[in-house]
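Have a look at the structure below before the remarks.
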Amino acid sequence: MEKEITVTINGTAHTVKVEPRLLLVHLIRENLNMTGTHIGCDTSNCGACTVLMDGKAVKSCTILAVQANGKSITTVEGLATAEGLHPIQEGFKENHALHCGFCTPGMMLRAVELLKHNPNPTEEEIRWGISGNLCRCTGYNNIVKAIQYAGAKMRGDKLPSTEPQFV
Amino acid sequence: MIQCKTSKEIGGMGHSLKRKEDARFIQGKGHYVDDIKLDGMLYMDIVRSPYAYAKIKKINIEKALKVPGVAAVVTGRDLEKYKLHWMPTLMGDTQMVLPTDTVMYQSQEVAAVIATSRYAAADGVDAVEVEYEVMKPVTDPFKALEKDAPVLRTDKPGKKDNHIWHWEVGDKAKTDALFKKAEVVVKENIYLPRIHVASIETCGCVADYDKVNNHLTMYMTTQAPHAIRTVIALVAGHVGLTEEKIRVISPDIGGGFGGKVPVYPGYVIAIAVSFLVGKPVKWIEDRSENLQADSFARDYHITAELAGSKSGKIQGVRFKVVADHGYADSQAAPTKFPAGLFSIGTGSYDYDTAFMEADAVYTNKPPGGVAYRCSFRVTEAVHAIERITDKFAMEVKMDPAQLRMNNFIKKEQFPWKSPTGWTYDSGDYHAALKKAMDAVGYDALRKEQAEKRKKGELMGIGISSFTEIVGAGPSKDFDILGIKMFDSAEIRVHPTGKAIARFGTKSQGQGHETTYAQIIAEELGIPAENIAVEEGDTDTAPYGLGTYASRSTPTAGAAAAVAARKLRDKARKIAAYLLEVSEADLEWEPGKFFVKGAPQKSKTIQEIVFAAYTNHPQGMEAGFEATHYYDPPNLTFPFGSYICVVDIDKETYEIKVRRFVAIDDCGNIINPMIVQGQVHGGLTQGIAPAMYEEFIYDEDGNILNGTFMDYLVPTAVESPHWETGHTVTPSPHHPIGAKGVGESPTVGAPPAIANAIVDALTPLGITHLDIPITPYKIWKALKEKGVVKPVA
């Protein structure tokens, strides 16, 4: 009992037949072969699968592909443009906000949505804002810095230092 | 400030070079095992036991075989035909791949379903019917050691108890004598519960057996690809898979922390199925399977005792451990060290008497005993010494910082021989603690605390001054399954002066592509950005034992430096030839040789390398390549001092970490940015077990929190804003004076946090709490003391 759906991913419309039970994350990874979106748990806790659906950060393991019918999805592959990296990507690289890279795509997409609603967040607002995304490697300090950096860049403010600070 | 010998363009040691590997990770181009898709690939999913201990009466696979897309169901009886139903563990124990008769722990693999899609495989798992005869499990290691306890490993002929091994070190008679006459003896029972590394990527593989060429390519989440290849050959050699026919590829790894060292049954089943059907087979764990069945860490029950003088001098320690290994000893420790490097537990203090012993026990829990971002049981040891040292300070009524300062090994005492036989290479413990105290404002905090105590407010300050032991290891003592724990580097410099370097280790996020390039840049003056680093393919990389236990920099990093120095020696010969001077007349500065007294007469490394291919001296071997297998003369001993400040709500007992200052000394620093990143991450995996993470089993052996919903990995909200810094005390025996750092903070942080919380609760009569310390645990402890009354 497959159902035909049309999902726009990173600006390209894909019309596919899917099982009604297919998860959005599997549509993206398995059916459409975009493997930048990751799976880290089976309880919707880790956020590694976070994508933007019509601009809103969602955990794509918790959405059925059929629910994304007619929607527009942004994955990590859609962040950079012909002009270069998205500010959040630059922020993560410049501030050493990733180690193994597995949580990074989801973390960046959640940060993009956060900055859209709150362009100049405090450290505490960032920490609460990304609390649905787990990172096991970085300890979060530098993720906070990366999001602050991206915010500054997107606002056109002076960029904060990316040098590590030591006591 | 870190002094750099090379320019920013060369980017050698000390530069905070941005990571080379990040470009792919931030653009969704990382290549993890689940991203691999091969033609005709089948998917495997696993049926797991709901019971901790049960006889398998029957496995009915008929319904599963009728599920659309299901190709096969594999049971232990199927594997038995090929003698693949058992496998050795890295510790020389044995473990079932799939059971034929009995399941020994909850979530144990019972059967595997092979199907044409992930969903069909999962449907197949649901349709497999297993009839069990449930038995009463043994989950408590102390009960398992009792005389009348049922013997669990009945598969071992003649096994009459649940005892696995006994280990001891130190001078028992001398230690017992000291404890008899000591002025002060303090004792504490300390339990470090079962926890799980929970890397955000779970484990998995794609086993791709090519029947035509009789060749297996195994893509898998492994921290030690070369050792795994050898293990596969040892296990499957009898069916024709000999080592030259096996290629293990460890692609990008989404975090390891020790959990991706062991061989799990899923890998072996995938290989067996691929071998039988001649198609690639993918197996990717769910998170719940990962938490419930893969190797756990810790589960050490420690009785720690310390003897000292009334004046606060530590004179000796006596530690006794009961180690719960679950169903099998499938930890990943060096052969001669069944309790890992627990004997580092004498700590950072100057005394000469110690005795430690451990007994390992089988229970009906998942097998394991791997590290959780620590070098072989060092966390357990450091927790014991740092907690008992605080208790001693409390007993003799001395400030814990002062007591540590009074007892530290002095920097002029290094190399220092510990009472359990280690030779600490270098240290300056006083400097690290002083720096941490200055940074946190220790004296002012103690004054604030005294004021707050008068008002009944709960504020605590905790210190941990740890000594790590990493870089296994010298081959005279260290091996895994007989393979010596050296590691390797191979450097090939191309004619145009750009290089590729390959290593026997395997990054799981540590940033080797950047730091190894920096080591070679430091030694050869070739810009780090022109040095590609590759790891994880056993067909191309030199043999090595892999990345865990903070061993990459101490071993493979050292190999990189030594291999690069071999090349620099060759470069000197070529430069002398090109400049028509003797080698002795040449001087090196990063990137070129020049003639002494005539610096305008010089040859850059790029010119020299080009000559190695185009104009090398007659009689010299052409090319510019070197390999080195580095066997360290000693381990390295990173150290640090951490100070944690907590405020505890006096009504709810909610714990707020207000400050956490970490001063680490990992010797010479390759990349300060990366070292700091490692410290941040390690500290977060320190607060995790100190305040949040713990597996809980009921008496029937059911795991009560086997998913991310209730196994509490810290989010950004629970993680404090870490304040970090360093002192630099180079390792005297390491080629670049480095020591390794990835695990120090995970080792050092838990006792600092526990000491801070206990310090806050001291006025209420609390002298010890086991980690994880939660508001509920505090409330319970205070209730037992009658400090809080039950709510009416």
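What's counted below: heavy atoms across the whole structure, side chains too, no hydrogens, waters or symmetry copies. Per chain, numbering begins at 1; letters A, B, ... match sequence-line order.
- Considering only heavy-atom pairs separated by less than 4.5 Å from chain B, the leading option among A:Cys137, A:Gly47, A:Gly129, A:Cys135 is A:Cys137.
- Ionic pairing of B:Lys260 and B:Glu201 is present here: one or more N-O contacts between side-chain nitrogen and carboxylate oxygen are shorter than 4.0 angstrom.
- The residue among A:Thr35, A:Ile126, A:Asn33 with the most heavy atom pairs within less than 4.5 Å of chain B is A:Thr35.
- The residues B:Asp34 and B:Arg118 are annotated as salt-bridged, a charged nitrogen and a carboxylate oxygen being separated by less than 4.0 angstrom.
- Salt bridge annotation for A:Arg136-B:Glu693: present, with a cationic side-chain nitrogen under 4.0 angstrom from a carboxylate oxygen.
- Residue B:Pro745: no heavy atom, backbone or side chain, is found under 4.5 Å from chain A.
- Between the side chains of A:Thr50 and A:Asn133, at least one donor-acceptor pair of N or O atoms lies under 3.5 Å.
- Here the shortest heavy-atom pairing between B:Arg48 and B:Ala293 reads NH1-CB, 3.3 Å.
- Listed for the B:Glu285 side chain is a donor-acceptor partner under 3.5 Å among the backbone atoms of B:Cys203.
- A donor-acceptor pair under 3.5 Å is formed between the side chain of B:Gln292 and the backbone N or O of B:Gly706.
- For B:Ile253, the part lying near chain A is the backbone, with the side chain staying farther off; criterion is any non-hydrogen pair under 4.5 Å.
- Chain B forms more heavy-atom pairs under 4.5 Å with one residue of A:Asn95, A:Ile130, A:Asn142 than with any other, namely A:Asn142.
- Proximity to chain A (any heavy atom under 4.5 Å) is restricted, for B:Val197, to the backbone atoms N, CA, C and O.
- Heavy atoms closer than 4.5 Å to chain A are found in both the backbone and the side chain of B:Asp35.
- With hydrogens and angles left out, the side-chain atoms of B:Ser250 and B:Thr222 include no donor and acceptor closer than 3.5 Å.
- Between B:Lys18 and B:Asp22, no side-chain nitrogen of the basic residue sits less than 4.0 Å from a carboxylate oxygen of the acidic one, so the salt-bridge criterion is not met.
- With a 4.5 angstrom heavy-atom cutoff, A:His26 touches chain B only via side-chain atoms.
- Ranked by heavy-atom pairs shorter than 4.5 Å toward chain B, the options A:Cys41, A:Ala80, A:Gly36 are led by A:Cys41.
- When heavy atoms are compared at a cutoff of 4.5 Å, A:Leu23 approaches chain B by way of both its backbone and its side chain.
- The candidate with the highest count of non-hydrogen atom pairs below 4.5 Å against chain A, out of B:Ser117, B:Ser199, B:Pro672, is B:Pro672.
- With a 4.5 Å cut-off on non-hydrogen atoms, A:Glu124 does not touch chain B at all.
- If you tally non-hydrogen atom pairs under 4.5 Å between each of A:Asn141, A:Asn45, A:Val167 and chain B, the highest count goes to A:Asn141.
- For the residue pair B:Gln510 and A:His99, no side-chain donor N or O sits within less than 3.5 Å of a side-chain acceptor on the partner.
- Between chain A and the options B:Met673, B:Gln508, B:Arg287, the largest number of non-hydrogen pairs under 4.5 Å is found for B:Arg287.
- Salt-bridge annotation for A:Arg21 and B:Asp123: present, with a side-chain N of the basic residue lying under 4.0 Å from a carboxylate O of the acidic one.
- Heavy-atom neighbours of B:Glu529 CD from other residues, nucleotides or ligands within 6.0 Å: at or below the threshold of 12.
- Interface remark: of the candidates B:Met709, B:Arg19, B:Glu718, B:His726, B:Arg19 forms the most heavy-atom pairs closer than 4.5 Å to chain A.
- Ranked by heavy-atom pairs shorter than 4.5 Å toward chain A, the options B:Arg24, B:Gln27, B:His31 are led by B:Gln27.
- B:Tyr32 has its ring centre less than 6.0 Å from the ring centre of A:His38.
- Neither the backbone nor the side chain of A:Ser44 comes within contact range of chain B; no heavy atoms are under 4.5 Å apart.
- Side-chain contact annotation: B:Asp665 with B:Thr727, donor-acceptor N/O pair under 3.5 Å present.
- Of the residues considered (B:Lys37, B:Glu723, B:Glu289, B:Arg373), B:Lys37 shows the highest number of contacts with chain A, using heavy-atom pairs under 4.5 Å.
- Options B:Tyr119, B:Phe708, B:Trp722, B:Phe257 differ in how many heavy-atom pairs under 4.5 Å they form with chain A, and the most are formed by B:Tyr119.
- Both the backbone and the side chain of A:Leu134 come within contact range of chain B, judged by heavy atoms closer than 4.5 Å.
- Contacts between B:Ala688 and chain A at a heavy-atom distance below 4.5 Å involve the side chain alone, from C-beta outward.
- Residue contact with chain A, scored on non-hydrogen atoms closer than 4.5 Å, involves the backbone and the side chain of B:Gln678 alike.
- The residue among A:Pro105, A:Ser131, A:Gly132 with the most heavy atom pairs within less than 4.5 Å of chain B is A:Ser131.
- Contact annotation for B:Ile663: only side-chain heavy atoms (C-beta onward) come within less than 4.5 Å of a heavy atom of chain A.
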